[in-house]
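Below you'll find the structure, written out as structure tokens, and then a few comments.
Protein chains get the first letters and strands the later ones, always in sequence-line order, with residue 1 at the start of each.
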There are 2 protein chains.
Amino acid sequence: MPNPEPSDFLPHIAYDSVVFGFSGEKLKILLMEYHKTGWFALPGGFVGINDSLDNAVQRGLRERTGLDEVYLEQFYTFGSMERFKPEVMMKIMEPFGYEDKDQWLFKRFISVGYYALINYEEVEPKPDKLSDSIGWYEVDHLPELILDHNFIVQKALNHLRTHLDQKLLSVNLLPELFTMKDLQQVYEAILGEELNRANFQRKILSLDILERHEKLFSGGSHKAPFLYSFKK
Amino acid sequence: MPNPEPSDFLPHIAYDSVVFGFSGEKLKILLMEYHKTGWFALPGGFVGINDSLDNAVQRGLRERTGLDEVYLEQFYTFGSMERFKPEVMMKIMEPFGYEDKDQWLFKRFISVGYYALINYEEVEPKPDKLSDSIGWYEVDHLPELILDHNFIVQKALNHLRTHLDQKLLSVNLLPELFTMKDLQQVYEAILGEELNRANFQRKILSLDILERHEKLFSGGSHKAPFLYSFKK
DNA sequence: TACTATTGTCTCACTGCGAAACAATAAATC
DNA sequence: GATTTATTGTTTCGCAGTGAGACAATAGTA
């Protein structure tokens, strides 16, 4: 197995990414699973010696999701001593065997946290070399993650919630065309609370960021809603 | 000169701190000056191999300001390639001479940005080993700083402004007792705009975070204002 | 044809905020 | 000691935004 060469990466520095997707009702994130151990972890990686931090994360994301231009935001850097647990990484590496040159993987790491927002439907996640599966998990029902990864997700969610209004985050979580109800469900999933339908509609429309299309979505036994897209 | 030993610190990782103080009218920050070069820089440092990131910053701040429990907040991590300019660090080190073991200082660094809020009057800043002076500079009139340090200050200011209301940041910028006008001046200095006096008073009082003391401040030729302190 | 579920819009009361005005008062001036 | 000046504490008015509820419109179902 082609383990990364230590000389290719900055030592002691890693990133972890919280990849958010929205599947119609629930907010979900991508998790890697190491079957040999039964452990779950955030998709992460290292910073190449000639890569900017942002590029390193972007590249890791592309490899796992195939997406090229995703909404990416750095939210916090984790540097406590509690997150230094070499035995965890050793256990994960064990099935592959490790050599002297892999020792750098078991050193202390400071990790920069990023989150991404992607369109759930456009993605066929691919596991990386160390993990044998990758999948979507509801943020409300996450399994226990290695190290401080549960904490990292909480921090990411917090950041996302408090910046929801400033940026048009939902652009990245929905398909091109959507109904007002779809958009409301995204907001509700992120905020974790229900919103008043009439007031939500009024507020969003007043922002003047949506284009209304005359093609109506139909299928339900009731009045057909308008379809919208974001203005460019 | 006792340069830091490379084995004591995590390589490639640094921090830079933006230390805000308020001097009655203006918002200022601490800058180090390297007289031999005429360059200004943010007070920064490295992370000890047994130090958490937070502790490393706290320690560096204690050494330079003497303050022990300051308000500290991490706001962004800088990892672009543009900030890798070994000649800058070499020039700064030059007057002290450097040996083989100092080579790690000229490598690429990823820097974690923190800002601190401190009471201007309680502090007698001390320069560190490399810089021969340290002083306060108005954020509105900063000199040119090395590397991306001007950009780092901008990011810090932004973060401070957008989080002004959520946290009681001004607690740390004022003495124990203060007038409503003092508090308003802190807000105005941070936001960089003037606020309506009556509305500011109404809003702050409605937050129910201040204790009003009957001891009046006097000295001006006009009605004496109340003194306030923050509720604990 | 009547019914049901959902949608688009409107109304009403309440809150919060900008702007301006008014009354109170500590020190300075006459 | 009376008057003036500068600043403070509080109130008022108008406007915009928001929460909660109501009403009419309509695509499919019974």
*Using the benzene-type ring in the case of Trp, are the ring centres of H159(A) and Y76(A) under 6.0 Å apart?*
no
*Between Y114(A) and F75(A), does the ring centre distance come in under 6.0 Å?*
no
_Ring centers of F20(B), F22(B) separated by less than 6.0 Å_ = no
*Could you state the atom-to-atom distance from CZ of F200(B) to C1' of dT10(D) in whole Å?*
16 Å
_Nearest heavy atoms of Q201(A) and Y228(A), plus distance in Å_ = NE2-OH, 4.4 Å
_Atom pair CD (E188(A)) and CD (E194(A)), whose distance is rounded to the nearest 0.5 Å_ = 5.5 Å
_With rounding to the nearest 0.5 angstrom, report the CG to CZ distance, L147(B) to F78(B)._
12.0 Å
*What is the distance from atom CG of L173(B) to atom CG of L117(B), rounded to the nearest 0.5 Å?*
4.5 Å
*Let me know the distance between CG of L207(B) and C1' of dG16(C), rounded to the nearest Å.*
12 Å
*Using whole Å, report how far CD of E193(B) lies from P of dC17(C).*
14 Å
*What is the distance from CG of L227(B) to P of dT8(D), rounded to the nearest Å?*
12 Å
*Could you state the atom-to-atom distance from CD of Q201(B) to P of dC22(C) in whole Å?*
19 Å
_Interatomic distance, E194(B) CD vs dG18(C) P [rounded to whole Å]_ = 14 Å
*Atom-to-atom span, NZ of K203(B) to P of dA19(C) - whole angstrom*: 14 Å
_Closest-nucleotide ordering on DNA chain C, the 5'-leading residue of A224(B) and F226(A)_ = F226(A)
I'd like a list of close polar pairs between nucleotides 20-24 of chain D and the protein, N/O only, cut-off under 3.5 Å.
residue: dA20(D); atom: N7; partner: N199(A); partner atom: OD1; Å: 3.4
residue: dA20(D); atom: N7; partner: N199(A); partner atom: ND2; Å: 3.1
residue: dA20(D); atom: N6; partner: N199(A); partner atom: OD1; Å: 3.3

*Round to a whole Å and report the spacing from CD1 of I204(A) to C1' of dG17(D).*
14 Å
*What is the distance from atom CZ of F109(B) to atom CZ of R83(B), rounded to the nearest 0.5 Å?*
9.5 Å
*Can you sort out the partners of S111(B) under side chain to side chain donor-acceptor pair (under 3.5 Å), two or more places apart, ordered by chain and number?*
D16(B)
Any N/O pairs under 3.5 Å between the protein and nucleotides 28-30 of chain D? List them or say none.
residue: dG28(D); atom: OP1; partner: S218(A); partner atom: OG; Å: 3.4

